[in-house]
Amino acid sequence: MARDSLTPNAWIVAGLSQLAELGPQALRAEPLARHLGTTKGSFYWHFKDVPAYHAALLQHWQAEAFGAVVNLIEDDAPVADRLRRFGAQVQADPVDPALRAWGQSDASVATTVAQVDDERLKYLSALMSSLGITNPDYARAALGASIGLRQLGDADAAQSAYASLIDVILALR
C-alpha cells in the first residue's frame with residue numbers, strides 16, 4: 001500500500017486484522033508499519049502515539065459493534081430470527097476474542113468490551129421481553145453463549161449450539 005493512500009482508517013483496519021491474528025503485541029507502530037509496507041513516520045502522521053492509536057482502534061470497534069446491534073434492531077424479521085442472527089454476528093467477529101483476551105491486562109480495553117456487552121445485553125433483553133420472556137438470566141445466558149461457544153473451536157457447531165439454546169429459551173415462553 002502506498003504511503004500517500006494510507007488513512008487513519010487504513011491503520012485501524014490493519015490493526016484490527018493484526019490484533020485478531022497476532023494479539024495486542026502487533027499493535028505498535030513498527031510492526032504495523034512493516035505489515036502495511038510503510039514507515040513509522042506514516043503512523044505518527046496520523047496518531048499522536050500508540051495509546052492514541054489504541055483508543056482510536058477501540059472506538060472504531062465499538063462503533064462497528066454498536067452499529068451491528070442497531071442494524072438488528074432496525075430489522076423487521078421475526079424476533080426468533082433476529083435472536084439467531086445476533087449469535088451468528090457475535091461469533092463471526094474475528095476481533096472479539098482478541099479484545100477480550102487483551103482486556104484481561106488492559107482496563108481501557110476491558111471497559112470498551114463491557115460497554116459493548118452492555119448494549120448487546122440490552123438488545124437481547126428487549127427482544128426476549130417482546131416475546132414475554134422477562135427473566136434477565138436468559139438474555140445473559142444467550143450473550144454468554146454467543147461469546148463463549150466459539151472458544152470450543154468449531155464455528156459451525158458453535159452456531160448450531162447457540163441456535164439450540166435459543167430454541168430452548170423460546171420453548172419456555
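These numbers were taken from a predicted model, which means no experiment stands behind them.
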Once rounded to the nearest 0.5 Å, what's the spacing between atom CZ of Arg140 and atom CG of Asp117? 9.0 Å

Distance-minimising heavy-atom pair for Ala29 and Val50: N-CG2, 4.1 Å

Extract all donor-acceptor atom pairs below 3.5 Å that involve side chains of residues 85-96 and protein atoms in other chains or at least two apart in sequence.
residue, atom, partner, partner atom, Å
Arg85, NH2, Asp75, OD2, 2.1
Gln91, OE1, Gln159, N, 3.3
Asp93, OD1, Val95, N, 2.9
Asp93, OD1, Asp96, N, 3.4
Asp93, OD2, Trp61, NE1, 2.8
Asp96, OD1, Arg100, NE, 2.6
Asp96, OD2, Arg120, NH1, 3.1

Provide the closest heavy-atom pair for Gly15 versus Leu57 in the form atom of the first, atom of the second, distance. C-CD1, 3.8 Å

In terms of hydrophobic clusters joined by side-chain contacts under 4.5 Å, are Leu22 and Leu58 together? no

Nearest heavy-atom approach of Val79 to Ser130 is CG2-OG, 3.7 Å

When you measure from the side chain of Ser42 to the backbone of Thr39, do you find a donor-acceptor pair of N or O atoms at a distance under 3.5 Å? no

Any heavy-atom pair between the side chains of Leu131 and Leu83 that's under 4.5 Å? yes

May I ask you to test the Leu36-Leu6 pair for a side-chain heavy-atom distance under 4.5 Å? yes

Compare all side-chain heavy atoms of Arg84 with those of Leu170 and state whether any distance is below 4.5 angstrom. yes

To the nearest 0.5 Å, tell me how far Asp81 CG sits from Leu127 CG. 11.0 Å

Answer with yes or no after comparing the ring centroid distance for His60 and Trp11 against a 6.0 Å cut-off, counting only values under it. no

Pairwise side-chain contact, Ile12 with Phe47, heavy-atom cut-off 4.5 Å (strictly under): yes

Taking atom OH as the centre, does Tyr53 end up with more than 12 heavy-atom neighbours from other residues, nucleotides or ligands that are less than 6.0 angstrom away? yes

Please answer whether the main-chain N or O of Ser160 pairs with a side-chain N or O of Ser164 as donor and acceptor at a distance below 3.5 Å. yes

Donor-acceptor contacts, no H, no angles, side chain residues 108-115, under 3.5 Å, sequence neighbours left out:
residue, atom, partner, partner atom, Å
Ser108, OG, Asp106, OD1, 2.6
Thr111, OG1, Ala107, O, 2.9
Thr112, OG1, Ser108, O, 3.1
Gln115, OE1, Gln62, NE2, 2.7

Indicate the atoms forming the closest heavy-atom contact of Ala161 with Leu149, along with that distance. CB-CD1, 3.8 Å

Is there a path from Ile133 to Val168 through hydrophobic residues (I, L, V, M, F, W, Y) whose side chains come within less than 4.5 Å of each other? no

For the student: nearest non-hydrogen atoms of Leu165 and Ala145, plus distance: CD2-CB, 3.6 Å

Report yes if some heavy atom in the side chain of Arg82 is under 4.5 Å from a heavy atom in the side chain of Pro78; otherwise report no. no

With a 4.5 Å heavy-atom cut-off, do Trp102 and Leu27 have their side chains touching? yes

With the 4.5 Å side-chain cut-off for hydrophobic clustering, are Ile147 and Tyr123 part of the same group? yes

Distance check, rounded to the nearest 0.5 Å: His35 atom NE2 versus Ser17 atom OG? 5.0 Å

Lys40 NZ to Arg34 CZ distance, which is reported to the nearest 0.5 Å: 9.5 Å

Determine whether Arg150 and Pro97 make a side-chain contact, defined as any pair of heavy atoms from C-beta on separated by less than 4.5 Å. yes

How far does OG of Ser146 sit from CG of Leu143, to the nearest 0.5 angstrom? 4.5 Å

Nearest atoms (heavy-atom pairs only) where Thr134 meets Ser129: CG2-OG, 4.4 Å

Could you give the distance from CG (Asn135) to CG (Leu172), rounded to the nearest 0.5 Å? 9.5 Å

Transitive ILVMFWY side-chain link Leu32 to Leu19, under 4.5 Å: yes

